[in-house]
Novice: 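I'd like to ask some things about the structure below.
Read the numbers this way: they start at 1 and go in the same order the structure lists the ligands and their atoms. When reading the values below, keep in mind they use all heavy atoms of this one structure, side chains included, and skip hydrogens, waters and symmetry mates.
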Amino acid sequence: MSDISGIHHVTAIAGNAQENLDFYTGVLGMRLVKKSVNQDMPGTYHLFFADGEAHPGTDITFFPWPDLQPAKRGHGQAAEISLAVPIGSLAYWTDRLEHYGASPKTPETRHGEHVLPFSDPHGLQLALVETSDQRDFTPWIRSSVPEAKQITALHALRLVERDMATTAGFLANVLGFSAAGIEAGWHRFSIAGGGSGRHLDILEARESPRGAWGTGGVHHVAWRVPDDVTQLKVRDRVEAAHRRPTPVIDRFWFHSVYFLEPGGVLFELATDGPGFTVDEDMSALGDRLVLPPWLEPRRQDIEAALPPLSAPAVADESYL
Ligand code: ZN
């Protein structure tokens with residue numbers, strides 16, 4: 001078994017926080033499982049969307065930075081996040097995305113799976129992928145999407161790189177990925193035996209410009225490690241490969257190590273625990289602004305500086 005067991009979460013940069021909340025809860029039907037702040041910049045929200053019980057591997061998170069430039073597409077960046085949906089649900093999703101003006105693109109088949117690419121209101125490239133692979137998933141009972149159609153987890157990620165060989169070597173030798181074929185120029189890598197949540201697809205684009213962070217872009221990609229011991233083991237290998245990992249940082253809901261993979265994409269190793277219920281009951285996840293203990297003394301100032309957020313305006317309960 002690999003030390004890394006799959007995708008833990010992906011963090012991206014959004015524009016307006018309310019629009020971000022409206023889209024991921026109201027249109028995509030995900031659960032807001034944590035409303036917090038960027039721990040390094042507490043004047044910015046950090047919003048976490050996941051399944052009904054916030055399982056690791058279901059979580060897409062955002063820093064809403066409306067004043068940032070749009071992300072610059074290019075190498076050294078993640079190009080797309082795909083989300084798993086049940087077999088047979090893409091017709092529903094096509095109608096739903098069209099209904100809300102999210103303009104789904106032409107459906108594709110990738111590795112034998114039905115895929116619906118689209119983008120969020122701030123330009124983040126997403127795709128829904130039908131899969132029958134079993135995921136740790138609990139439906140969100142207050143979702144605006146019926147249980148049988150809900151997004152179940154993160155499925156795969158696409159990165160664009162200038163030099164495939166260097167990144168491929170690092171993925172294989174340091175992180176434990178296996179090459180799993182090439183389709184339409186995308187090199188597939190799998191971790192922990194592959195399957196939904198364990199895919200990474202890379203396109204080599206030697207002539208493309210260097211990409212840059214901005215709204216609608218991915219900030220970092222986090223990989224799951226089961227515990228602190230395994231995290232340190234992988235961290236040691238990353239350090240031996242001269243990728244200069246950070247020390248272990250306590251993110252309160254999990255422990256994190258960050259480093260740049262050789263192509264320039266920011267990776268994180270995140271532990272499965274302690275999890276999002278460490279500071280809120282499962283039934284109340286996301287209801288209030290949660291701060292890690294070291295920011296709690298500054299709560300009043302932090303709350304005053306954040307824009308108000310209300311329940312999603314676009315949730316159309318009649319559209320099921
Ligand atoms: Zn992260």
Novice: Sort out for me which residue in F267, Y258, F259 forms a ring-ring contact (aromatic ring centres under 6.0 Å, His included) with H220.
Specialist: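 Only one option passes, and that is Y258.
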Novice: In a check of ring-ring contact (aromatic ring centres under 6.0 Å, His included) between H8 and each of F254, W253, F48, which one passes?
Specialist: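 When ring-ring contact (aromatic ring centres under 6.0 Å, His included) is applied between H8 and each of F254, W253, F48, only F254 qualifies.
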Novice: Tell me if the aromatic rings of F49 and Y24 count as close, with their centers under 6.0 Å from one another.
Specialist: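 That pair passes the under 6.0 Å test.
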Novice: Using a distance threshold of 2.8 Å, state whether an N, O or S atom of H9 lies below it from the Zn ion (ligand 1).
Specialist: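 A backbone or side-chain N, O or S atom of H9 is under 2.8 Å from the Zn ion (ligand 1).
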Novice: Hey, which N, O or S atom on E268 ends up closest to the Zn ion (ligand 1)?
Specialist: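 Going through the N, O and S atoms of E268 one by one, OE1 ends up nearest to the Zn ion (ligand 1).
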Novice: Could you walk me through whether D51 and R31 pass salt bridge (charged side-chain N to carboxylate O under 4.0 Å, His left out), step by step?
Specialist: CA-CA 6 Å; D51 74 332; R31 182 179 183 188; over 6 Å; no
Novice: Does H8 bring an N, O or S atom to within less than 2.8 Å of the Zn ion (ligand 1)?
Specialist: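 Looking at H8, which is the residue asked about, there is no N, O or S atom under 2.8 Å from the Zn ion (ligand 1).
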